[in-house]
Novice: 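Before anything else, here's the structure in question.
Keep in mind that the numbers below use all heavy atoms, side chains included, and drop hydrogens, waters and symmetry copies.
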Amino acid sequence: MARPRKHFTPDEKKAAGRIKSKRYYDKNRAEISAKRRKNGKGYESTSLPISIQYYGEYSVSITSALQLQSRGPKDDTVSQCIRAAKCLFAEFTKFIRPGQLEYANQVYIAYMKTRDQGIIQDGIKYLDDILVTMRRHEGDILEVAGLNGEWEAVRDMVTCIHTVLGWLEDLLCCAMDDVLSDMYHDGCLQYQLHTT
């Protein structure tokens, strides 16, 4: 057997370390998961309630108490990500009031009055900025705590924002093709199809 390759640059060393860590994790996944589950029990937990209503016909409510375990700096990171995600989602909810479908319809009406695609583009830019940050928090939670209730709650928030963003992108595409009015009257826009 040949000797292991020497890695001279810091990037080579990092890449080799990642490969080695991945190989170890793939080999010992079951034991690592069992150890994480075992270590997660028996600690004092604090509850962070998430009570957020999606308004309108797409009424879905997330009311889950997220159990955060007080074990150290990693959990502080998870709780910070949860709090930041809750704040961003509250900002999103305030932005789309009175509800998701109503917001999409308001954007359509505002566009039809002025024929200014900037109205739709502004909404897309704003929601995209929120979505990028939310996805970063979702990834941080997944990296630190794995698949758990906190991650699922943030994933549900991301899905909700992504849905509205998709509706706005659909409106913009139809506006660019100058078929928005026809699509609206035929009931073929994504947000209209969502209600059926």
Side-chain angles (χ1 to χ4, degrees), residues 47-66 68 77-145 147-196:
S47 208
L48 272 181
I50 291 185
S51 300
I52 297 168
Q53 296 288 327
Y54 299 93
Y55 297 94
E57 294 175 41
Y58 185 55
S59 289
V60 177
S61 64
I62 299 175
T63 309
S64 62
L66 300 175
L68 296 178
T77 303
V78 172
S79 63
Q80 288 170 357
C81 289
I82 293 290
R83 286 187 184 95
K86 283 175 53 179
C87 290
L88 282 170
F89 195 77
E91 186 177 319
F92 161 76
T93 305
K94 190 184 299 183
F95 181 72
I96 64 161
R97 283 197 198 259
Q100 295 173 331
L101 297 170
E102 292 83 357
Y103 171 72
N105 205 40
Q106 289 171 358
V107 171
Y108 166 77
I109 292 168
Y111 169 76
M112 292 307 290
K113 285 181 182 176
T114 62
R115 298 286 180 173
D116 179 17
Q117 293 179 3
I119 294 170
I120 303 170
Q121 291 170 341
D122 290 345
I124 289 173
K125 169 110 177 71
Y126 183 77
L127 293 180
D128 193 46
D129 290 344
I130 291 176
L131 186 62
V132 166
T133 308
M134 288 287 285
R135 283 196 170 140
R136 191 183 76 235
H137 293 311
E138 179 187 19
D140 291 345
I141 292 168
L142 181 62
E143 185 179 329
V144 172
L147 296 173
N148 57 19
E150 292 94 347
W151 176 80
E152 288 178 5
V154 174
R155 185 194 59 194
D156 291 342
M157 294 178 208
V158 167
T159 302
C160 178
I161 296 169
H162 189 264
T163 300
V164 176
L165 185 60
W167 294 346
L168 292 185
E169 289 172 347
D170 180 48
L171 287 173
L172 183 61
C173 288
C174 292
M176 292 172 131
D177 291 341
D178 204 24
V179 295
L180 184 57
S181 180
D182 297 336
M183 296 284 284
Y184 178 81
H185 292 297
D186 292 342
C188 296
L189 295 171
Q190 283 184 6
Y191 79 91
Q192 292 173 316
L193 297 173
H194 188 77
T195 60
T196 58

Novice: Side-chain donor-acceptor contacts of residues 108-119 below 3.5 Å, not counting sequence neighbours, with atom names and distances?
Specialist:
{"from": "Thr114", "atom 1": "OG1", "to": "Ala110", "atom 2": "O", "distance (Å)": "3.1"}
{"from": "Thr114", "atom 1": "OG1", "to": "Asp116", "atom 2": "N", "distance (Å)": "3.3"}
{"from": "Asp116", "atom 1": "OD1", "to": "Gly118", "atom 2": "N", "distance (Å)": "3.0"}

Novice: If a pair satisfies salt bridge (charged side-chain N to carboxylate O under 4.0 Å, His left out) and one of its residues is in residues 128-140, list it, with sequence neighbours excluded.
Specialist: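 Salt bridge (charged side-chain N to carboxylate O under 4.0 Å, His left out) check on residues 128-140 returns Lys125-Asp129.
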Novice: Tell me, with the steps shown, if Val78 and Asn148 meet side chain to side chain contact (heavy atoms under 4.5 Å, CB included).
Specialist: CA-CA 11 Å; Val78 172; Asn148 57 19; 5.6 Å; no
Novice: Measuring only between side-chain heavy atoms, which start at C-beta, is Tyr191 closer than 4.5 Å to Tyr103?
Specialist: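 Tyr191 does not reach Tyr103 side chain to side chain.
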Novice: Please report the interatomic distance CG(Asp186) to OG(Ser181), rounded to the nearest 0.5 Å.
Specialist: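 Taking CG in Asp186 and OG in Ser181, the distance rounds to 9.0 Å.
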Novice: Quick one, Asp170 with Trp167, criterion side chain to side chain contact (heavy atoms under 4.5 Å, CB included). Give me CA distance, side-chain angles, the key distance, then yes/no.
Specialist: CA-CA 5 Å; Asp170 180 48; Trp167 294 346; 5.5 Å; no
Novice: Going by the rule side chain to side chain contact (heavy atoms under 4.5 Å, CB included), which residues pair with Cys173 if we only count those two or more places apart in sequence or in a different chain?
Specialist: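 Result, side chain to side chain contact (heavy atoms under 4.5 Å, CB included) vs Cys173: none returned.
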Novice: Is any side-chain heavy atom of Glu150 less than 4.5 Å from a side-chain heavy atom of Cys81?
Specialist: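 Not in contact.
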Novice: Nearest 0.5 angstrom please: Cys160 SG to Leu131 CG, how far?
Specialist: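 Cys160 atom SG to Leu131 atom CG measures 10.5 Å (nearest 0.5 Å).
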Novice: Would you mind reporting whether Ile161 and Met134 have side-chain heavy atoms less than 4.5 Å apart?
Specialist: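 Yes; the side chains approach each other to less than 4.5 Å.
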Novice: Which atoms form the tightest heavy-atom contact between Cys174 and Leu189, and what is the distance?
Specialist: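 Scanning both residues completely, I find the closest heavy atoms to be SG-CD2, 3.8 Å.
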Novice: For the rings on Phe89 and Phe92, is their centre-to-centre separation under 6.0 Å?
Specialist: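 Here the rings of Phe92 and Phe89 have centres that are less than 6.0 Å from each other.
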Novice: Would you check, one step at a time, whether the test side chain to side chain contact (heavy atoms under 4.5 Å, CB included) holds for His137 with Leu88?
Specialist: CA-CA 10 Å; His137 293 311; Leu88 282 170; 4.0 Å; yes
Novice: Inspect the surroundings of CG in Asp178 and state if more than 12 heavy atoms from other residues, nucleotides or ligands are less than 6.0 Å away.
Specialist: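 Result for CG/Asp178: open.
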Novice: Applying side-chain hydrogen bond (donor to acceptor under 3.5 Å, both in side chains), name anything that partners Glu91, two or more places apart in sequence or on another chain.
Specialist: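 Result, side-chain hydrogen bond (donor to acceptor under 3.5 Å, both in side chains) vs Glu91: Tyr126.
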Novice: Can you give me the closest heavy-atom contact between Ile96 and Gln100, atom names plus distance?
Specialist: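 The answer is CD1-CG, 3.4 Å.
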